[in-house]
2 protein chains.
Amino acid sequence: MSAFTFSHIHTRMPSTMPTPRRDLLLDTAEQLFYRGGFHATGIDLIQAESGVAKTTLYKHFPSKDALILAVLERSSLRVRQALEAQAQALAGTGVERILALFRDLRGMCEESDFNGCLFNNAAAEFMYSNPPIRALAAEHMQWMLEFLERLLAEEGFETEAALALLPMYEGLLTLGRVQDSHTAIKHCLGAITALLNR
Amino acid sequence: MSAFTFSHIHTRMPSTMPTPRRDLLLDTAEQLFYRGGFHATGIDLIQAESGVAKTTLYKHFPSKDALILAVLERSSLRVRQALEAQAQALAGTGVERILALFRDLRGMCEESDFNGCLFNNAAAEFMYSNPPIRALAAEHMQWMLEFLERLLAEEGFETEAALALLPMYEGLLTLGRVQDSHTAIKHCLGAITALLNR
DNA sequence: CAATAAAAAAACAGATCTGTACACCCCTTA
DNA sequence: TAAGGGGTGTACAGATCTGTTTTTTTATTG
């Protein structure tokens with residue numbers, strides 16, 4: 001039936017619904033922005049690397065700023081889902097469950113294109129020049145804080161400890177760029193244990 | 001005597017010796033790079049803001065990269081001197097001396113043009129595109145680590161605790177951009193106390 | 001005052017960046 | 001087969017950026 005062909009549905013899809021090309025653009029842009037920075041990464045590179053025509057890129061995202069925002073929004077969503085899933089799967093109880101979360105930072109720091117926390121990098125580049133991007137970074141950090149608070153509450157700790165855990169978490173991501181992450185993580189685990197068992 | 005006129009000395013000054021204009025350029029560039037980022041801040045803006053002619057700028061620094069490196073080198077030196085002086089003047093003994101260092105982060109986070117840690121910002125923008133800048137950021141972090149180790153040793157703590165303090169310190173600087181720094185610092189002080197008194 | 005050297009001012013060259021315009025192609029649908 | 005919509009590829013416009021060149025001004029020295 002023509003009323004139910006894919007094409008028909010496709011043309012009636014709202015613009016917010018993901019299309020393969022839109023996702024491909026977001027994937028490519030996220031990877032390039034993360035590795036090379038936002039200002040240093042040009043639209044032409046994203047276009048060439050993704051293989052999608054420039055016209056199509058600007059049909060999905062009216063400007064580079066809009067693309068950056070879309071990348072950050074989707075990345076934030078993905079991080080949230082990943083952390084929720086990770087928290088569900090975390091082995092152990094009590095302190096061990098929180099420690100496991102920090103232990104997993106090591107793998108992230110050792111990935112080949114690791115470059116710290118995307119949201120802090122964005123905040124650094126757009127702190128005073130692009131309020132929406134800065135706000136998005138702030139919202140992401142706020143969510144991280146609340147996530148840690150929930151995790152702490154589940155294990156019977158005072159939720160305020162999240163205010164010490166989050167700087168450690170972000171600090172490890174930041175330092176992981178230029179310092180050995182393994183020993184730093186190890187000693188942070190000790191600090192967390194001391195804090196929560198006090 | 002002409003042999004000792006200022007001009008004569010000036011012309012024989014090695015290029016590494018600071019001149020008023022060179023310092024003015026470094027001051028302006030540091031402020032603008034810190035606030036607006038490295039790639040986003042153009043040479044023309046530094047030139048206009050400093051009032052020094054572009055010709056003179058390129059006489060002192062052969063390229064933008066060289067200017068960035070010079071800014072980071074001088075800033076690192078200044079931070080080191082400031083922290084050494086601060087450590088000398090720190091009130092209290094034992095844990096209190098370390099806590100005082102972290103307490104001072106609050107003032108930094110509340111400054112009008114605060115934008116985190118200059119060296120982490122530089123590392124984020126140049127991680128894979130400019131090894132010398134990345135290396136300079138790494139060296140600065142290494143010095144910070146050794147500085148904290150010295151401070152801990154002076155107060156009779158195990159120096160390895162610095163590996164937990166440094167992520168916290170840098171994490172607070174990073175989060176200070178988008179989160180209230182006061183409460184985060186307060187809870188980090190508690191974590192440090194728990195760690196060192198364990 | 002004349003000579004010289006440095007700095008300022010401004011124009012410019014070449015590259016690059018964002019964003020647009022246009023012609024072409026492919027594929028579906030009528 | 002004809003029409004039309006979405007994607008491609010390319011060329012281009014305009015702005016901006018780094019770095020250079022050229023000219024003018026300024027200040028110092030003999």
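Chain letters run A, B, ... following the sequence lines, proteins first and then strands; every chain starts at 1. Reckoned from all heavy atoms, side chains included, excluding hydrogens, waters and symmetry mates.
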Quick one: side chains of residues 189-198 of chain A, donor-acceptor pairs under 3.5 Å with protein atoms, not counting sequence neighbours, listed by atom name and distance.
| unit_1 | atom_1 | unit_2 | atom_2 | d |
| --- | --- | --- | --- | --- |
| A:Thr193 | OG1 | A:Leu189 | O | 2.8 |
| A:Arg198 | NH1 | B:Gly190 | O | 3.3 |

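Pairs passing the salt bridge (charged side-chain N to carboxylate O under 4.0 Å, His left out) check and including a residue from residues 158-171 of chain A, sequence neighbours excluded, do not occur. For residues 85-102 of chain A, the pairs satisfying salt bridge (charged side-chain N to carboxylate O under 4.0 Å, His left out) are A:Glu96-A:Arg103, A:Arg97-A:Glu154, A:Arg97-A:Glu155, with sequence neighbours left out.
One axis for each end of the helix from C:dC1-D:dG30 to C:dA30-D:dT1, each built from five base pairs, and the angle between them comes to 10° at 10° resolution.
With respect to B:Glu146 and B:Arg80, no salt bridge is recorded, no charged nitrogen being found less than 4.0 Å from a carboxylate O. The pair A:Asp27-A:Arg74 meets the salt-bridge criterion, since a charged nitrogen lies less than 4.0 angstrom from a carboxylate oxygen. Between A:Arg78 and A:Glu30 there is a salt bridge, since a side-chain N of the basic residue sits under 4.0 Å from a carboxylate O of the acidic one.
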Please encode protein proximity along nucleotides 16-22 of chain C as a string of B, S and -, counting only heavy-atom distances under 4.0 Å.
--BBBB-
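What separates CG of B:Leu25 from P of C:dA7 is a distance of 11 Å, to the nearest Å. Taking atom CZ of A:Arg22 as the reference point, atom P of D:dG6 lies 16 Å away to the nearest angstrom.
In this pair, A:Phe119 and A:His140 present their aromatic rings parallel. The plane angle is below 30°, not in the 30 to 60° band.
Considering only residues two or more places apart in sequence or on other chains, A:Thr41 meets the side chain to side chain contact (heavy atoms under 4.5 Å, CB included) condition with A:Leu32, A:Phe33, A:Leu45, A:Ile46.
For C:dA8, one of the phosphate oxygens OP1 or OP2 lies less than 4.0 angstrom from a side-chain nitrogen or oxygen of B:Arg21.
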